[in-house]
2 protein chains.
Amino acid sequence: MGRPREFDIDEALERAMQVFWERGYEGATLSDLTGAMGITKPSMYAAFGNKEQLFRRALERYAEGPASYATRALEEPTARGVAEALLRGAVRTTTLSEGHPGCLTVQGALASSDGSRPAHDLLVGWRNDAGLRLEERFQRAVDEGDLPRDADPVRLARYIMTVAFGIAVQAAGGLGHDELQEIADTALRSWQP
Amino acid sequence: MGRPREFDIDEALERAMQVFWERGYEGATLSDLTGAMGITKPSMYAAFGNKEQLFRRALERYAEGPASYATRALEEPTARGVAEALLRGAVRTTTLSEGHPGCLTVQGALASSDGSRPAHDLLVGWRNDAGLRLEERFQRAVDEGDLPRDADPVRLARYIMTVAFGIAVQAAGGLGHDELQEIADTALRSWQP
DNA sequence: GCACTTTGGTACCGAACGGTACTGAAGTGC
DNA sequence: GCACTTCAGTACCGTTCGGTACCAAAGTGC
């Protein structure tokens, strides 16, 4: 009923995600966003609500797309395999494009000013959730005997997440895929829970 | 020669640093800055030039103050001691205040939009310099026989810096001092160059 | 005391911010 | 074809952004 929209909402969301990825929540202006999405501001507001909700949707898309490695990694049969897959995925995703190196969930809103607090809190929650899922996976590895009984899943998960976040910062600083993978390998070399 | 200024320029710079630390370069507005500094905008411009130069000065103060641990750590007698001191300093500084957890050089301008590109590049350069100094320190350790001949100083330095950056992200996400120190200990446990 | 320099405060600048009323066209179901 | 709904675009809203012209007051060196 009524006139159908002329733009593809998924494609528009993909473009918005790229802009947020590169410029962060506050750094991405509505002009940047709508320009990249190929639509006007009223169309954006009609389709997504406002900038904050657009960011929320873009983060969902990010989680299901570029950051889906984080979920897939949990399915590896061993804890060591999980850690390897996670860091390998972080390296790949943070160096996917020259236009937006780094990780959206890290550089989207790391500092928190008044306007970016909702985005900041959203990203903090997302990163914490990812850490919690990794903790549970490592706990399962302990229960299954894959990790030694005295291994500390929380500690291990926090360590791996920290390295992944550090890789995102290094990527934002210009390090390339191979250099980052070397870092990941170094971090895993010390894998003796 | 003229009327002396009524405010302490060091104290004003300290306040500005705190604001940049908490809110990042773009997130810190001139109102935020001058409000915290206790001066008016024209006074700020007369004393510092503009926002970007104020940020540059605030970063210098940060390097000589809260981040001075990075330089002091290099003076430790062994490479392992250097790594320990560096990560311990990162943990301490990123949890100094509840108002601005994290590291100014990481969250000051991680994503890069048009307006924040100068600040972004400045911080990238600063982080790279810190990494280079660590590389040189580790190379010296190899030369001195403190590290094994086949150790890779560049790789080790990048790894330690990556963990430090990851700690900064975790601190921004709310992790406390003890949890971060546990992460640092885990990262160092794998220290077998 | 006096000429001079520099201060701090008010009031303002154009531009860009996030967000919206309104309009005319385009398509839908009946 | 016709009433209705939803679209896209223009033009605009008030606010805030970084930055500045202007000026009276305050202090300095002589």
Side-chain angles (χ1 to χ4, degrees), chain A residues 1-13 15-17 19-20 22-59 108-109 111-122, chain B residues 1-13 15-17 19-20 22-59 108-109 111-122:
Chain A
M1 41 175 69
R3 172 180 173 185
R5 70 163 52 90
E6 295 182 1
F7 63 93
D8 184 321
I9 202 163
D10 276 331
E11 191 170 337
L13 201 51
R15 307 289 184 85
M17 181 193 74
V19 174
F20 280 130
E22 174 183 355
R23 309 175 102 90
Y25 177 75
E26 280 206 299
T29 70
L30 282 185
S31 298
D32 293 334
L33 291 163
T34 55
M37 297 163 88
I39 62 178
T40 60
K41 275 191 282 186
S43 295
M44 193 282 275
Y45 274 85
F48 299 100
N50 61 15
K51 186 184 179 182
E52 186 183 330
Q53 291 177 19
L54 176 63
F55 182 73
R56 194 169 254 105
R57 293 283 302 275
L59 176 62
S112 52
S113 62
D114 292 336
S116 69
R117 185 133 307 135
H120 172 87
D121 293 346
L122 184 66
Chain B
M1 39 170 72
R3 172 182 171 185
R5 69 164 50 92
E6 294 181 2
F7 64 93
D8 184 322
I9 204 165
D10 276 332
E11 192 169 337
L13 201 51
R15 307 289 184 84
M17 181 194 74
V19 175
F20 280 129
E22 175 183 354
R23 309 176 102 92
Y25 178 75
E26 280 207 298
T29 70
L30 282 185
S31 298
D32 294 335
L33 291 163
T34 55
M37 297 163 90
I39 61 178
T40 60
K41 275 191 283 186
S43 295
M44 193 283 275
Y45 274 86
F48 298 100
N50 60 15
K51 188 185 179 183
E52 186 184 330
Q53 290 176 19
L54 175 64
F55 182 73
R56 193 168 255 105
R57 293 283 300 274
L59 176 62
S112 52
S113 61
D114 291 336
S116 69
R117 186 134 307 138
H120 172 87
D121 293 346
L122 183 66

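Quick note on labels: first sequence line is chain A, next is B, and so on, each numbered from 1. Side chains included, hydrogens not; waters and symmetry mates left out as well; all remaining heavy atoms used.
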Note: A:Gly27 and B:Ser113 closest approach over all heavy atoms is O-CB, 3.5 Å
Which pair of heavy atoms, one from B:Met37 and one from B:Ala12, lies closest together, and at what distance? CG-O, 3.4 Å
Please tabulate, for side-chain N and O atoms in residues 47-55 of chain B, each donor-acceptor pair with protein atoms closer than 3.5 Å (sequence neighbours left out).
from, atom 1, to, atom 2, distance (Å)
B:Asn50, OD1, B:Glu52, N, 3.3
B:Asn50, OD1, B:Gln53, N, 2.9
B:Lys51, NZ, B:Tyr25, O, 3.0
B:Lys51, NZ, B:Ala28, O, 2.8

Measure the distance from CD on B:Glu26 to C1' on C:dA16 and round it to the nearest whole Å. 12 Å
Identify the two heavy atoms, one from A:Ala111 and one from B:Gly24, that lie closest to each other, and give their separation to 0.1 Å. CB-N, 3.6 Å
How would you label the contact of B:Pro4 with the nucleic acid (heavy atoms, under 4.0 Å): base, sugar-phosphate, or nothing? sugar-phosphate
Over all heavy atoms of both residues, which pair between A:Ala36 and A:Val19 is shortest? Give the atoms and the distance, please. CB-CG2, 3.5 Å
For salt bridge (charged side-chain N to carboxylate O under 4.0 Å, His left out), just list the numbers for A:Glu26 and A:Arg23, CA-CA rounded to whole Å, side-chain angles, deciding distance to a tenth of an Å, and then say yes or no. CA-CA 8 Å; A:Glu26 280 206 299; A:Arg23 309 175 102 90; over 6 Å; no
Has A:Tyr45 got a side-chain N or O lying under 4.0 Å from the OP1 or OP2 atom of C:dT20? no
Heavy-atom closest contact (B:Ala109 atom, B:Ser116 atom, distance): CB-O, 4.3 Å
Reading DNA chain D from 5' onward, which residue's closest nucleotide shows up sooner: A:Pro42 or B:Gly49? A:Pro42
What residues in residues 30-41 of chain A put a non-hydrogen atom under 4.0 Å from any atom of DNA chain C? A:Leu30, A:Ser31, A:Lys41
Would you grab the first and last nucleotide of DNA chain D (5' to 3') that comes under 4.0 Å of any non-hydrogen atom in chain B? D:dC17 to D:dG29
By the 4.0 Å heavy-atom rule, please label B:Ala47 as base, sugar-phosphate, or nothing. nothing
Can you check the A:Asn50 CG to C:dT20 P distance for me, whole Å? 8 Å
Does a side chain donor of either A:Ser112 or B:Glu22 reach within less than 3.5 Å of an acceptor in the other side chain? no
